[in-house]
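Encoded as structure tokens, the structure appears first; notes follow it.
This chain uses plain numbering: 1 for the first residue, then up along the sequence. These numbers come from a predicted model, not from an experiment.
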Amino acid sequence: MDRRKGSGSRDANGGGLAEATASRLRFEDADEVGMEVEVEDCPAAAAEEEVIGNEKTSADYYFDSYSHFGIHEEMLKDVVRTRSYQNVITQNNFLFKDKIVLDVGAGTGILSLFCAKAGAKHVYAIECSQMADMAKEIVKTNGFSEVITVIKGKVEEIELPVPKVDVIISEWMGYFLLFENMLDTVLFARDKWLADDGVVLPDKASLHLTAIEDAEYKEDKIEFWNNVYGFDMSCIKKQAMMEPLVDTVDANQIVTNCQLLKTMDISKMSSGDASFTVPFKLVAERNDFIHALVAYFNVSFTKCHKLMGFSTGPRSKSTHWKQTVLYLEDVVTICEGETLSGTMTVANNKKNPRDIDITLKYSINGQRSKVSRTQNYKMR
């Protein structure tokens, strides 16, 4: 497996990684619907050191993180992500022709450019980071200044020159779908500006769960702390267990079925719907061991002429979102047909709403494993 990124050292995501130094599926599943530096030499580090006493969190660096070109390069090079949006727009120009479009979190303005080429009457591209200045330059260079207006600021604070828009488009999804809480910004824009017959793109998103065998990497990531160059650092294990790992999972590691946890209708849902408790029931497809649960998401554009979307699942083409791995304290020995069941609770962290708190309750009463446990995780 390509295991590199832990929750404290991730790529940037669709909604944006809230770290100033961070760099950032169409249904293809068979079972789916379709060099060190001193602080004084590093301005970013010095700035961070200066605000520690004020208890600033990653949320304070959220927009700064999107001023870094590397984040946008990685997102643009994610072919599944970018081509999916391009195809949705170019193959469904009836949704955009002569329409007023709002691009939430526009970044380099790539989606706005797609919309303009599809015949949009006007596109308002909102971007809060310094990348907004580059987006304006890009729009001008490509001859779309009369069609695309880049507005620098927070969605919740700016005003549009028009009372309503016909289309809201955004690539808001984060790791585990909801990390960084950009969805709330899209919902705010929807409630404030979307016309009664307007559309939100994408309009559906779903979170899924499966279980994997992962002995080798769990040993490397978790058990490593038992003996670090001859020293016992096992006190760190608990913290390591609490931090979900964002990385690519090999489909051959999947032990159970994949279950739908939650579907979100972006056109109708409220902000509170992104916090939830849902049951799960994972059935073993072979005799094996379970070391972790894995979450991933699918995105759908149901307003298109024909259903379009993509998946970030282990059986689909890899994206920059990868999957989210939640290691279990127990090694579950499971036999074919047996069930690992429980509930998952997802909520925004109270101190930093861009972080996610996850509570996992799971149990099995099988031939070779009898386990019942509750574990807490934090994506930050």
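A donor-acceptor contact closer than 3.5 angstrom is absent between the side chains of Q253 and D250. Residues H208 and S206 bring a donor and an acceptor atom of their side chains to less than 3.5 Å of each other. For D203 and S267, the side-chain atoms include no donor-acceptor pair closer than 3.5 Å. A side-chain N or O of T359 and one of N376 form a donor-acceptor pair less than 3.5 Å apart.
Look at K192 and E156 and you find no salt bridge, because none of the NZ, NE, NH1 or NH2 atoms lies under 4.0 Å from a carboxylate O.
Between the E127 side chain and the G107 main chain, a donor and an acceptor come within less than 3.5 Å of each other. Remark: side-chain polar atoms of H122 are paired, donor with acceptor, to backbone N or O of V147 under 3.5 angstrom. In this structure, the side chain of N257 engages the main chain of V283 through a donor-acceptor pair within 3.5 Å. A donor-acceptor pair is defined here as one N or O able to donate and one able to accept, closer than 3.5 Å; no such pair exists between the side chain of T319 and the backbone of V80. Proximity of a side-chain donor or acceptor of E338 to a complementary backbone N or O of Q367 within less than 3.5 Å is detected. S363 places no side-chain N or O within donor-acceptor distance of the main-chain N or O of V371, the cut-off being under 3.5 Å. No side-chain donor-acceptor contact under 3.5 Å links K262 to the backbone of S275. No donor-acceptor distance shorter than 3.5 angstrom exists from the side chain of Q323 to the backbone of V294, with no hydrogens or angles considered. A donor-acceptor contact shorter than 3.5 Å is absent between the side chain of T333 and the backbone of S369. Panel note: side chain N142, backbone F144; no donor-acceptor pair is recorded below 3.5 Å.
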Let me see the working for L261 and M344 under side-chain contact (heavy atoms from CB on, under 4.5 Å), right down to the final yes or no. CA-CA 9 Å; L261 288 180; M344 178 179 283; 3.8 Å; yes
Apply side-chain contact (heavy atoms from CB on, under 4.5 Å) to the pair V101 and V165, showing each step before the final yes or no. CA-CA 6 Å; V101 180; V165 300; over 6 Å; no
Derivation of the side-chain contact (heavy atoms from CB on, under 4.5 Å) call for F96 and L201: CA-CA 11 Å; F96 302 91; L201 299 170; 3.5 Å; yes
Does the pair Y217 and L245 meet the rule for a side-chain contact (heavy atoms from CB on, under 4.5 Å), with working shown? CA-CA 11 Å; Y217 197 76; L245 180 78; 3.5 Å; yes
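Two rings, from Y327 and Y377, have their centers 6.0 Å or more apart. Taking the six-membered ring where the residue is Trp, the centroids of W193 and Y124 are separated by 6.0 Å or more.
The shortest heavy-atom contact between S129 and K152 is O-CE, 3.8 Å. Across N252 and R286, no two heavy atoms sit closer than the pair O-NH2, 3.1 Å. When all heavy atoms are compared, the tightest approach of Y85 to P202 is OH-CD, 3.4 Å. Scanning all heavy atoms of the two residues, the minimum distance from L209 to L282 falls at O-CD2, 3.7 Å. Across all their heavy atoms, V255 and I212 have their closest contact at CG2-C, 4.0 Å. The nearest pair of heavy atoms linking L340 to I334 is N-CD1, 4.3 Å.
Atom CE in M75 sits 6.5 Å away from atom NE2 in H320 (nearest 0.5 Å). Between the CE atom in M264 and the CD1 atom in I266 there is a gap of 7.0 Å [rounded to 0.5 Å]. Taking CE from M242 and CD from E329, the interatomic distance works out to 10.0 Å, rounded to the nearest 0.5 Å. Distance check, rounded to the nearest 0.5 Å: OG1 of T108 to CE of M131 gives 7.5 Å. Between the CD1 atom in I138 and the OG atom in S112 there is a gap of 10.5 Å [rounded to 0.5 Å]. Between atom CD of residue E159 and atom CD1 of residue I151 there is a gap of 9.5 Å, rounded to the nearest 0.5 Å.
Cluster annotation: F176 and V278 are assigned to the same hydrophobic cluster (Ile/Leu/Val/Met/Phe/Trp/Tyr, side-chain heavy-atom contacts under 4.5 Å, transitive). M241 is not connected to M233 by any chain of hydrophobic side-chain contacts under 4.5 Å among Ile, Leu, Val, Met, Phe, Trp and Tyr, and they are in different clusters. The hydrophobic cluster containing L76 also contains V104, counting ILVMFWY residues as joined when their side-chain heavy atoms lie under 4.5 angstrom apart, directly or transitively. Taken together through direct or relayed side-chain contacts under 4.5 Å among Ile, Leu, Val, Met, Phe, Trp and Tyr, V88 and L194 form part of one hydrophobic cluster. Both V199 and V162 are members of a single hydrophobic cluster when ILVMFWY side chains are connected at heavy-atom separations under 4.5 Å.
Within a 6.0 Å radius of NZ in K361, other residues, nucleotides and ligands contribute 12 heavy atoms or fewer. By the 6.0 Å contact criterion, NZ on K238 is open, its count of non-hydrogen atoms from other residues, nucleotides or ligands being 12 or less. Other residues, nucleotides and ligands place no more than 12 heavy atoms under 6.0 Å from the CZ atom of R368. Within 6.0 Å of CD in Q91 there are more than 12 heavy atoms belonging to other residues, nucleotides or ligands. Annotation: F188, atom CZ; neighbour count of heavy atoms from other residues, nucleotides and ligands within 6.0 Å is above 12. Other residues, nucleotides and ligands contribute more than 12 heavy atoms inside 6.0 Å of the NZ atom of K136. More than 12 non-hydrogen atoms from other residues, nucleotides or ligands lie less than 6.0 angstrom from NZ of K370.
Here the side chains of F280 and L293 are in contact, with some heavy-atom distance below 4.5 Å. Residues P314 and I254 have side chains in contact (heavy-atom distance under 4.5 Å, counting atoms from C-beta outward). Between N92 and F94 the shortest side-chain heavy-atom distance falls below 4.5 Å. Between D78 and W321 there is a side-chain heavy-atom pair separated by less than 4.5 Å. No side-chain heavy atom of M173 sits under 4.5 Å from any side-chain heavy atom of M182. The side-chain heavy atoms of Y175 and P244, taken from C-beta on, include no pair separated by under 4.5 Å. In this structure, K117 and I89 have side chains that are not in contact, with every pair of non-hydrogen atoms separated by 4.5 Å or more. Counting heavy atoms from C-beta on, the side chains of E243 and R380 come closer than 4.5 Å.
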